[in-house]
Amino acid sequence: MAEPIPTTQEALARLAAMPLVEAMATQRAIRRVLPDPVDDALVLRCIEAAQRAPTGQNGQQWEFVVVQDRAIKERLARQYRRSWGVYWRTVYRRVAARDDAKARMAKAVQWQVDHFADIPVLVVACLRLGVAEGRVPVFRMPHVAESGYWGSIYPGVQNLLLTARAMGLGASLVTMPLWNLVAARRILGLPSNVTPVCVVPLGWPRGRYGPSARKAVGDVTHRDGYGRRYWLDPGS
């Protein structure tokens, strides 16, 4: 059952009161949200937090498109349905058939796909090629350049997600509505030097936040080379 929707002042007070560690420990993808509006002040506060993140060479080449117009959301929703449909038929249906957790996740994704245009706010995080980069490259960047390029947006997106969590907003990170880059640019009116990277749907949760299920840190941490799990729990 959903909690009562807080006022803008209450949401901002939650943000100020929640410790960062608690926000990180309880952050999870919230795909089912209410259609009730989200105050612009809260959306802008999330984006302000995103702007505090580091970027390569302090380029600050981010752009954020806040989508609230239903016609635009419906066009993005069509792109989402197409890409999810292909992914479901070719890959994920077989995965979900043998994994209950993946099956539950698939149901949540399907709900989001079906109700994408009803979500009150979609924040599209984008990267802009700066003057130093010149024209849009027609070839693939070297790995070191590519990782640095994408690394200039995702720290900001994480800040946005944590801020949304602390205020009590439901949020998730999705990329499927942007799989067709030409269509995404056309829908959002983006110039060729601005690349949409991911979409963060924002709304008040239909359910509740809770602790995130994660592997033990020793299971994923390697010392001085892959495979040397120095901190692995002997009992695991």
Side-chain angles (χ1 to χ4, degrees), residues 8 11 15 27 29-31 33-56 58-84 109 112-131 133 135-137 146 148-167 169-204:
T8 298
L15 174 62
Q27 180 196 8
I30 300 291
R31 297 181 176 87
V33 297
L34 299 168
D36 302 67
V38 176
D39 195 317
D40 284 354
L42 302 182
V43 178
L44 293 177
R45 185 67 188 85
C46 288
I47 295 174
E48 286 173 354
Q51 290 182 281
R52 297 297 179 182
T55 56
N58 196 29
Q60 302 185 44
Q61 64 270 43
W62 43 50
E63 304 283 352
F64 298 92
V65 181
V66 177
V67 179
Q68 296 169 314
D69 183 275
R70 185 172 182 90
I72 298 176
K73 288 189 286 186
E74 287 176 346
R75 293 176 70 187
L76 289 172
R78 284 195 291 272
Q79 298 300 316
Y80 197 176
R81 280 195 298 274
R82 289 169 183 162
S83 56
W84 170 247
V109 173
Q112 189 179 66
V113 170
D114 293 339
H115 297 85
F116 204 61
D118 299 323
I119 296 172
V121 179
L122 306 176
V123 179
V124 185
C126 308
L127 276 173
R128 182 187 68 255
L129 287 176
V131 176
E133 290 86 354
R135 299 182 62 185
V136 180
E146 188 173 26
Y149 181 68
W150 302 122
S152 289
I153 190 65
Y154 281 114
V157 172
Q158 177 66 353
N159 277 10
L160 193 159
L161 291 168
L162 287 171
T163 302
R165 164 63 194 105
M167 291 192 295
L169 283 166
S172 58
L173 188 161
V174 297
T175 57
M176 286 190 178
L178 307 176
W179 272 16
N180 186 328
L181 182 58
V182 173
R185 280 203 175 103
R186 183 169 57 245
I187 291 168
L188 298 168
L190 298 175
S192 60
N193 68 327
V194 176
T195 301
V197 179
C198 64
V199 183
V200 179
L202 290 174
W204 299 109

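Hydrogens, waters and symmetry mates are skipped; everything else that's a heavy atom, side chains included, is used.
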**Residue pair Leu202 / Ala164: nearest heavy atoms and the distance that separates them** = CD2-CB, 3.9 Å

**Request:** Could you tell me whether the side chain of Pro120 reaches within less than 4.5 Å of the side chain of Trp204, counting heavy atoms only?
**Result:** no

**Item:** Rounded distance (nearest 0.5 Å) linking atom CH2 of Trp150 with atom OG1 of Thr195
**Value:** 5.5 Å

**Message:** Within the structure provided, determine whether Trp179 and Gln79 are in side-chain contact (heavy-atom separation under 4.5 Å).
**Reply:** no

**Prompt:** Measuring from Phe116:CZ to Arg31:CZ, what's the distance to the nearest 0.5 Å?
**Reply:** 11.5 Å

**Asked** What are the two closest non-hydrogen atoms of Gly59 and Arg128, and how far apart are they?
**Response** O-NH2, 4.4 Å

**Message:** Please identify which of these residues, Leu190, Ile153, Val197, Leu178, meets the side-chain contact (heavy atoms from CB on, under 4.5 Å) condition with Cys126.
**Reply:** Leu190

**Request:** Specify the closest pair of heavy atoms between Asn159 and Ala49, including all atoms of both residues, with the distance to one decimal.
**Result:** ND2-O, 2.9 Å

**Message:** As an exercise, state the distance from CD of Glu63 to CD1 of Ile47, rounded to the nearest 0.5 Å.
**Reply:** 11.0 Å

**Asked** Does any N or O in the side chain of Ser172 come within less than 3.5 Å of the main-chain N or O of Ala29, such that one atom is a donor and the other an acceptor?
**Response** no

**Request:** Please round to the nearest 0.5 Å and tell me the distance separating atom CG of Leu160 and atom CZ of Arg165.
**Result:** 14.5 Å

**Asked** So, do Val123 and Cys46 sit near enough that their side-chain heavy atoms are less than 4.5 Å apart?
**Response** no

**Asked** Leu127 and Tyr149: which non-hydrogen atoms are nearest, and at how many Å?
**Response** CD1-O, 3.1 Å

**Complete:** On a heavy-atom basis, the closest approach of Glu74 and Ala117 is CG-CB, 3.5 Å

**Message:** How long is the straight-line distance from CG of Leu161 back to CG of Leu169, given to the nearest 0.5 Å?
**Reply:** 11.0 Å

**Request:** With Leu76 as reference, evaluate Val174, Val199, Leu122 under the side-chain contact (heavy atoms from CB on, under 4.5 Å) test and give the passing residue.
**Result:** Leu122

**Prompt:** Is the closest basic N to carboxylate O distance between Arg70 and Asp118 below 4.0 Å?
**Reply:** yes

**Message:** Give me the atom names and distance for the closest heavy-atom approach of Leu173 to Cys198.
**Reply:** CD2-CB, 3.9 Å

**Prompt:** What residue among Val67, Ile187, Leu188 forms side-chain contact (heavy atoms from CB on, under 4.5 Å) with Arg75?
**Reply:** Ile187

**Request:** Quick one: pull up CE in Met176 and CZ in Arg81 and give me the separation to the nearest 0.5 Å.
**Result:** 14.5 Å

**Side-chain H-bond candidate by donor/acceptor type, Gln112 with Tyr80, under 3.5 Å** = yes

